[in-house]
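Worksheet: one structure, shown below.
In this text, all values refer to a predicted model and were calculated from it rather than measured experimentally.
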Amino acid sequence: MPGMCRGRRKFLAASLALLFIPALTWLYLSAGNFQGMKPLPLSPLETQSSTVTSRGGALGGGVAREALELRVREVEEENRVLRRELSRPPRNPVGIGQRPHHANHHGNQSKTHSEEGTGDNEAGLKAVTSGNASECVQQPPVDKCETIHVAIVCAGYNASRDVVTLVKSVLFHRRNPLHFHIITDSTAQHILASLFQTWMVPAVRVDFYDADELKSEVSWIPNKHYSGIYGLMKLVLTKTLPPDLQKVIVLDTDITFATDIAELWAVFHKFRGQQVLGLVENQSDWYLGNLWKNHRPWPALERGFNTGVILLLLDRLRKLRWEQMWRLTAERELMSMLSTSLADQDIFNAVIKQNPFLVHQLPCFWNVQLSDHTRSEKCYKDVSDLKVIHWNSPKKLRVKNKHVEFFRNLYLTFLEYDGNLLRRELFGCPSETDHNSENLQKTLSELDEDDPCYEFRRERFTVHRTHLYFLHYEYEPTSDHTDVTLVAQLSMDRKSVVQLDMANSKKALVVPAFETLRYRLSYPKSKAELLSQLDMGTLFTFRYHVWTKGHAPTNFAKWRTATTPYRVQWEGDFEPYVMVRRDSPEYDRRFVGFGWNKVAHIMELDAQEYEFVVLPNAYMIHMPHAPSFDITKFRSNKQYRVCLKTLKEEFQQNMSRRYGFAALKYMTAENNS
């Protein structure tokens with residue numbers, strides 16, 4: 001230990017020397033400017049007045065000051081490099097607080113620290129209060145390319161939305177590769193697998209674990225918490241996660257990060273003795289048992305700990321037989337408590353009560369708990385001190401806190417943040433090859449960036465991040481295979497599908513489209529009501545006043561009296577709303593934004609000999625809304641319109657090559673329009 005302290009003192013001496021170097025350099029370089037210096041302002045008012053009085057002389061010395069500032073920045077950068085070199089651990093055999101050089105593919109092995117705890121409650125309490133910190137042990141930094149492992153339990157479509165906001169906040173601040181281990185049910189896995197596959201974030205790996213296979217491990221525990229059975233699954237992570245994974249950060253879905261998660265990962269290096277759990281103290285009075293009369297919580301060490309953020313040393317937990325430890329504790333306590341109130345948190349706290357040496361207490365800014373009646377405001381002096389925000393109240397964004405507006409805005413920022421902006425590379429760190437991403441980059445590199453329509457052409461190949469939204473529904477397919485999927489506001493009579501033999505014929509069912517200029521409308525419940533509103537001027541045929549050709553072939557005059565479906569012919573610029581079979585041609589991806597996407601699709605259907613059949617009793621109504629960004633660009637940007645015309649011509653040429661003489665009518669219709 002004395003030798004280590006001497007090494008520490010040498011390190012401090014070198015650091016102090018580095019701190020003085022930029023100061024002395026700056027004094028030397030600026031010696032010629034001392035005569036023109038003024039006293040430092042003592043208040044904002046003095047700052048403003050000195051700025052006004054010195055404005056005339058600022059121009060004369062501007063060049064000299066710019067050169068001085070440039071040189072100072074260069075010196076500071078040199079010192080920053082030196083400090084980084086000094087902060088690296090020495091290349092010697094593995095000792096206390098250092099990791100072995102050999103590591104498995106999970107990249108997070110660590111040497112077990114020397115045993116300082118005795119296992120008794122008194123020694124454990126000292127470990128909690130003091131944190132077992134050592135002033136002389138240098139904490140190794142998180143390596144630049146070290147993979148950080150994060151485990152999350154996420155079940156259901158609502159939780160999938162929450163976890164995406166959490167992931168965005170982590171990605172926004174991160175500088176390290178990430179490996180997410182997500183325990184999900186089938187619904188959440190379907191949503192999140194699609195999301196991450198289309199998101200294609202570099203240096204991010206995602207593995208899913210079937211929550212249904214874990215239910216039998218915890219289903220025997222009665223739980224009153226709103227999280228249900230999934231709120232208990234963090235207890236079995238040592239058994240669920242890969243056996244060679246040695247440490248992991250465990251997060252609730254209602255977490256928002258305000259800092260780099262590597263800072264939290266670095267806390268693992270502070271674990272001492274038998275510490276295997278990193279937790280923040282619970283900030284409510286729940287475990288004190290004084291919230292109401294006869295309130296009887298599960299046993300906990302003083303205020304207890306919150307399990308919204310957990311640091312788990314998995315390898316040591318397995319050696320301590322964690323599975324047996326928590327099961328025996330839960331069985332014993334359930335004999336008197338009958339059920340848990342706070343899911344896994346109650347059991348974690350009961351285990352820690354008996355074995356306090358297991359926990360390393362984290363500073364409370366790593367889990368600022370925004371439930372009602374908490375001490376969360378004691379965790380920070382200023383909101384800029386925050387690192388992790390935990391919306392652990394059932395009220396979520398409606399919770400009471402004097403800074404709740406700031407917290408809410410931070411959460412909403414990540415909720416609405418464009419996830420595509422987080423597709424940034426981590427330079428200098430090797431990552432697994434993503435063939436889809438490689439092929440995309442190769443295709444994009446072949447485009448001519450000097451092409452005036454480059455953005456249009458690039459958008460055609462862009463893979464858009466897709467987050468599926470749907471409500472759970474117990475679906476049972478019909479025996480005749482005539483089920484209809486509702487898209488947007490489309491609805492229709494199913495007997496039409498059977499009569500028109502949609503399953504065995506190429507038909508596109510046209511839904512007549514109308515519009516209103518009123519923001520409030522009593523939606524017509526029948527065709528008769530719609531015709532009445534049409535006659536009174538409440539409704540109009542869709543875009544009749546600006547783009548008649550788009551829906552004119554629907555033949556609204558015939559539709560008024562039609563009682564059976566009727567066939568219409570394709571005409572130039574026809575763009576109705578249609579229902580087609582699942583295997584119909586897709587939209588051409590070159591047409592993004594405003595213009596020609598539906599026109600091109602309908603033209604493709606006609607070229608493949610689809611029949612356009614108008615439904616006599618179906619209709620849709622377009623409601624007014626603000627102009628989209630793309631239509632505004634179309635109207636105001638000449639180059640946008642030129643590019644759209646170019647893409648139309650290219651599409652028609654492709655049609656001619658594919659369909660030959662039959663496609664001549666599309667060229668003729670365009671020339672006549």
Minimal non-hydrogen separation, Ser227 against Ala343, with atom names: OG-CB, 3.9 Å

Kindly indicate whether the side chain of His179, heavy atoms from C-beta on, has any atom under 4.5 Å from the side chain of Asp207. yes

Do side-chain atoms of Gln369 reach the backbone of His390 as a donor and acceptor pair under 3.5 angstrom? no

With sequence neighbours left out, which residue pairs that include part of residues 404-418 fulfil the salt bridge (Lys or Arg N to Asp or Glu O under 4.0 Å) condition? Glu405-Arg408

Between SG on residue Cys154 and CZ on residue Phe208, distance to nearest 0.5 Å: 9.0 Å

Rounded to the nearest 0.5 Å, how far apart are CH2 of Trp199 and NE2 of His467? 9.5 Å

Using side-chain contact (heavy atoms from CB on, under 4.5 Å) as the criterion, point out the one residue from Leu362, Asn392, Leu279 that pairs with Asn306. Asn392

Contacts of Phe461 meeting ring pair (Phe, Tyr, Trp, His ring centres under 6.0 Å) (sequence neighbours excluded), chain-then-number -> none

Taken in chain and number order and not counting sequence neighbours, the residues that satisfy ring pair (Phe, Tyr, Trp, His ring centres under 6.0 Å) with Phe406 are none

Qualifying residues under side-chain hydrogen bond (donor to acceptor under 3.5 Å, both in side chains), relative to Arg303, sequence neighbours excluded: Asp285

His225 versus Ser341, closest heavy-atom pair with distance: CB-O, 3.4 Å

Are side-chain heavy atoms of Leu192 and Val206 found at a separation under 4.5 Å? no

Please examine the side chains of Thr632 and Phe594, heavy atoms only from C-beta on, and report whether any two atoms are closer than 4.5 Å. no

Minimum heavy-atom separation for Val309 and Asn367, please, with both atom names. N-ND2, 3.7 Å

Return the CH2 to CG distance between Trp322 and Leu237, rounded to the nearest 0.5 Å. 10.0 Å

Over 60° means perpendicular and under 30° means parallel, so classify the ring planes of Phe407 and Tyr380, tilted if in between. perpendicular

Take Tyr209 and Thr184 through the side chain to side chain contact (heavy atoms under 4.5 Å, CB included) test and state the conclusion after the steps. CA-CA 6 Å; Tyr209 306 82; Thr184 64; over 6 Å; no

Nearest non-hydrogen partners of Thr147 and Leu178, listed with the distance: CG2-C, 4.2 Å

As a test of understanding, state which of Ile255, Ile261, Leu251 forms a side-chain contact (heavy atoms from CB on, under 4.5 Å) with Val388. Ile255

Begin with the C-alpha distance, continue with both residues' side-chain angles, and end with the deciding distance and a verdict on side chain to side chain contact (heavy atoms under 4.5 Å, CB included) for Asp588 and Phe591. CA-CA 6 Å; Asp588 192 290; Phe591 298 109; 4.1 Å; yes

Walk me through whether Asp315 and Asp244 qualify under side chain to side chain contact (heavy atoms under 4.5 Å, CB included). CA-CA 8 Å; Asp315 57 335; Asp244 56 349; over 6 Å; no

Does the side chain of Ser628 pick up a donor-acceptor pair with the side chain of Asp630 at under 3.5 Å? no

Can you find a pair of side-chain heavy atoms, one from Ile183 and one from Asp210, that are under 4.5 Å apart? no

Note: Glu281 and Arg375 closest approach over all heavy atoms is OE1-NH2, 4.3 Å

First locate atom CD of Gln283, then atom NZ of Lys378, and finally report the distance between them rounded to the nearest 0.5 Å. 11.0 Å

Go through Ile152 and His181 one step at a time and tell me if the side chain to side chain contact (heavy atoms under 4.5 Å, CB included) criterion holds. CA-CA 6 Å; Ile152 305 170; His181 304 265; over 6 Å; no

For a 4.5 angstrom cut-off between non-hydrogen side-chain atoms, does Arg635 reach Ile631? yes

Asp212: salt bridge (charged side-chain N to carboxylate O under 4.0 Å, His left out) partners, not counting sequence neighbours: Lys215

Just do the ring pair (Phe, Tyr, Trp, His ring centres under 6.0 Å) check on Phe305 and Trp366 with the steps written out, would you? CA-CA 12 Å; Phe305 294 91; Trp366 283 118; over 10 Å; no

Of all heavy-atom pairs between Asn349 and Gly304, which one has the smallest distance, and what is that distance? OD1-CA, 3.2 Å

Thr238 backbone acceptor or donor facing Arg318 side chain under 3.5 Å: yes

Name the orientation class of the two ring planes belonging to Phe268 and Trp265 (parallel below 30°, tilted from 30 to 60°, perpendicular beyond 60°). perpendicular

Main-chain N/O of His190 paired with Ser194 side-chain donor or acceptor, under 3.5 Å: no

What I'd like to find out is whether the side chain of Asn597 reaches to under 4.5 Å of the side chain of Val592, using heavy atoms alone. no

Restricting to salt bridge (charged side-chain N to carboxylate O under 4.0 Å, His left out), what partner residues turn up for Asp385, sequence neighbours left out? none

Which residues pass the salt bridge (charged side-chain N to carboxylate O under 4.0 Å, His left out) test with Asp185, not counting sequence neighbours? none

Applying side-chain hydrogen bond (donor to acceptor under 3.5 Å, both in side chains), name anything that partners Tyr411, two or more places apart in sequence or on another chain. none

Value rounded to 0.5 Å, distance of CG in Leu241 from CG in Leu312: 8.5 Å

Can you list every pair that meets salt bridge (Lys or Arg N to Asp or Glu O under 4.0 Å) and has a residue in residues 227-243, with sequence neighbours left out? Glu217-Lys239, Lys234-Asp252, Lys234-Asp344

Has Glu459 got a side-chain atom pairing as donor or acceptor with Phe456's backbone, closer than 3.5 angstrom? no

Do Leu311 and Leu264 have side chains that approach each other closer than 4.5 Å (heavy atoms only, starting at C-beta)? yes

Does the Thr198 side chain pair with the main chain of Thr466, one donor and one acceptor, at a distance under 3.5 Å? yes

Rounded to the nearest 0.5 Å, what's the gap from CD on Gln345 to OG1 on Thr340? Could you check? 10.5 Å

Show the atom names and distances, to 0.1 Å, of all donor-acceptor pairs under 3.5 Å that link a side chain in residues 167-176 to residues at least two apart or in another chain.
| from | atom 1 | to | atom 2 | distance (Å) |
| --- | --- | --- | --- | --- |
| Lys168 | NZ | Phe414 | O | 3.3 |
| Lys168 | NZ | Leu415 | O | 3.1 |
| Lys168 | NZ | Tyr417 | O | 2.7 |
| Ser169 | OG | Leu166 | O | 2.7 |
| Ser169 | OG | Phe257 | N | 3.0 |
| Arg174 | NH1 | Asn176 | O | 3.0 |
| Arg174 | NH1 | Ala203 | O | 3.2 |
| Arg174 | NH2 | Pro202 | O | 2.8 |
| Asn176 | ND2 | Asp143 | O | 2.8 |
| Asn176 | ND2 | Lys144 | O | 3.1 |
| Asn176 | ND2 | Glu146 | O | 3.1 |

Suppose we screen for ring pair (Phe, Tyr, Trp, His ring centres under 6.0 Å). Which residues come up paired with Phe365, at least two apart in sequence or across chains? none

Pairing residues for Asp451 by the salt bridge (charged side-chain N to carboxylate O under 4.0 Å, His left out) criterion, not counting sequence neighbours: Arg457

